[in-house]
Amino acid sequence: LSALPQAHLLLLTQGLAPLGGRNVALRQICDFWGELFSDNGSSGPGDEVSKRRKDMERGQALSAEHLAKLSSVLEPVAQELDDETQHRCLSGLGARLLATASSLSAATQQSLLEQVMRGEGVGRWEAGRDRLARALQRNQGGSAGDDGRGRSSRRSRSDDRKRRRRSSSSRGRKRSSSRSRGRRRRSSSSSSSSSRGTKRAKRR
């Protein structure tokens, strides 16, 4: 398993998940996830091969979105894992999600928060699920605020454009009206001059 990139291991986990948490192969994979997540990168004793392997594993680490995906894959099978595997895997996964919660999309945060609130999947991480829930709620609040400010800014720009269009249209109507009045005045003046010329001709 250590030879697999973590993204490929995620796909393998997803493929085996329908077999259920009692499946031996899936339990081994979940236990391996726990081993990966519990590695905090400390430079403790170990041979060079082990250190290089750990460096490679850290370089292939799952993104925050992939961690959330793994949590959703494990949700239906977590309750069937043995206690030790469940604790090791979900506590490590929960800690990683807690550290990367701010980089999750708003939709992923909401989905993960619902999972935690149900007490399923990573919500079974008893020691840290409350902290994870608070982190997700806090980040969702910030995202909502940003979205609100973005919508307000967009509405303001839209209103400005509408005002400019109305102002431009109003000026256009005024210019058109002014030209029309000018034409009427010129026509009226011409008609008056013509009438005066006719009257003088009759008097002669």
Side-chain angles (χ1 to χ4, degrees), residues 1-42 53-54 56-151:
L1 292 177
S2 60
L4 281 176
Q6 292 187 25
H8 292 179
L9 186 59
L10 171 58
L11 292 176
L12 179 59
T13 308
Q14 188 174 3
L16 291 177
L19 298 178
R22 293 188 177 89
N23 181 267
V24 175
L26 184 59
R27 286 189 175 190
Q28 289 175 341
I29 290 175
C30 290
D31 189 67
F32 184 69
W33 278 121
E35 180 184 340
L36 287 175
F37 295 144
S38 64
D39 178 19
N40 59 11
S42 61
R53 180 179 65 82
K54 290 180 179 180
M56 182 181 68
E57 288 168 353
R58 285 194 293 271
Q60 298 172 346
L62 295 180
S63 67
E65 292 290 331
H66 281 153
L67 289 170
K69 174 65 175 178
L70 177 60
S71 182
S72 68
V73 168
L74 294 177
E75 180 180 0
V77 302
Q79 63 180 348
E80 297 180 337
L81 296 173
D82 61 273
D83 291 343
E84 183 179 355
T85 301
Q86 181 185 123
H87 173 76
R88 189 177 187 185
C89 180
L90 297 181
S91 61
L93 176 58
R96 290 290 180 92
L97 286 168
L98 181 60
T100 58
S102 61
S103 61
L104 293 168
S105 67
T108 302
Q109 288 176 1
Q110 179 61 35
S111 176
L112 195 57
L113 179 60
E114 290 173 359
Q115 183 184 134
V116 172
M117 299 304 288
R118 289 195 302 270
E120 297 296 336
V122 76
R124 292 177 174 272
W125 178 35
E126 295 183 2
R129 65 185 171 203
D130 290 340
R131 282 182 291 145
L132 179 56
R134 286 194 298 270
L136 292 168
Q137 289 168 335
R138 183 168 58 249
N139 287 316
Q140 275 203 314
S143 297
D146 291 342
D147 290 346
R149 286 190 292 271
R151 287 192 294 270

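- Annotation for Arg22: atom CZ does not count as buried by contact number, only 12 or fewer foreign heavy atoms lying within 6.0 Å.
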Test log, rule side-chain contact (heavy atoms from CB on, under 4.5 Å), inputs Gln6 and His66: CA-CA 10 Å; Gln6 292 187 25; His66 281 153; over 6 Å; no
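- Across all their heavy atoms, Ala78 and Leu90 have their closest contact at CB-CD1, 4.0 Å.
- By the 6.0 Å contact criterion, CD on Glu84 is open, its count of non-hydrogen atoms from other residues, nucleotides or ligands being 12 or less.
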Test log, rule side-chain contact (heavy atoms from CB on, under 4.5 Å), inputs Thr13 and Ile29: CA-CA 7 Å; Thr13 308; Ile29 290 175; 3.3 Å; yes
Worked verdict on Phe32 versus Arg88 for side-chain contact (heavy atoms from CB on, under 4.5 Å): CA-CA 9 Å; Phe32 184 69; Arg88 189 177 187 185; over 6 Å; no
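- The CG atom of Leu16 sits 14.0 Å away from the CZ atom of Arg27 when rounded to the nearest 0.5 Å.
- Residues Ser105 and Thr108 bring a donor and an acceptor atom of their side chains to less than 3.5 Å of each other.
- The closest side-chain heavy-atom distance from Asp31 to Thr85 is below 4.5 Å.
- A side-chain donor-acceptor contact under 3.5 Å links Arg129 to the backbone of Gly123.
- Closest of all the heavy-atom pairs between Val116 and Ala133 is CG1-CB, 4.0 Å.
- Between Val77 and Gly20, the shortest heavy-atom contact is CG1-CA, 4.1 Å.
- To the nearest 0.5 Å, atom NZ of residue Lys69 and atom OG of residue Ser63 are 12.0 Å apart.
- Salt-bridge check for Glu120 with Arg124: passed, with a basic side-chain N closer than 4.0 Å to an acidic carboxylate O.
- The shortest heavy-atom contact between Leu104 and Ala68 is CD2-CB, 4.2 Å.
- Leu112 contributes atom CG, which lies 5.5 Å from atom CG of Leu132 (distance to the nearest 0.5 angstrom).
- Among the candidates Leu67, Leu70, Leu97, the single residue satisfying the side-chain contact (heavy atoms from CB on, under 4.5 Å) test with Val122 is Leu97.
- For the residue pair Ser72/Gln115, the side-chain donor-acceptor check at 3.5 Å is not satisfied.
- Scanning both residues, Ala64 and Ser103, for their nearest heavy atoms gives CB-OG, 3.3 Å.
- No more than 12 heavy-atom neighbours from other residues, nucleotides or ligands sit within 6.0 angstrom of CD on Glu126.
- Checked by atom type and distance alone, the side chain of Glu80 pairs as donor or acceptor with a backbone atom of Gly21 at under 3.5 Å.
- The distance from atom CD of Gln86 to atom OG of Ser91, rounded to the nearest 0.5 Å, is 10.0 Å.
- Under the 3.5 Å distance criterion, the side-chain polar atoms of Ser111 are left unmatched by any main-chain donor or acceptor of Ala107.
- Cys89 pairs by the side-chain contact (heavy atoms from CB on, under 4.5 Å) definition with Cys30, Trp33, Leu74, not counting sequence neighbours.
- In this structure, CG in Leu62 is found 8.5 Å from CZ in Arg96, a value given to the nearest 0.5 Å.
- Across all their heavy atoms, Leu36 and Leu9 have their closest contact at CD1-CD2, 4.1 Å.
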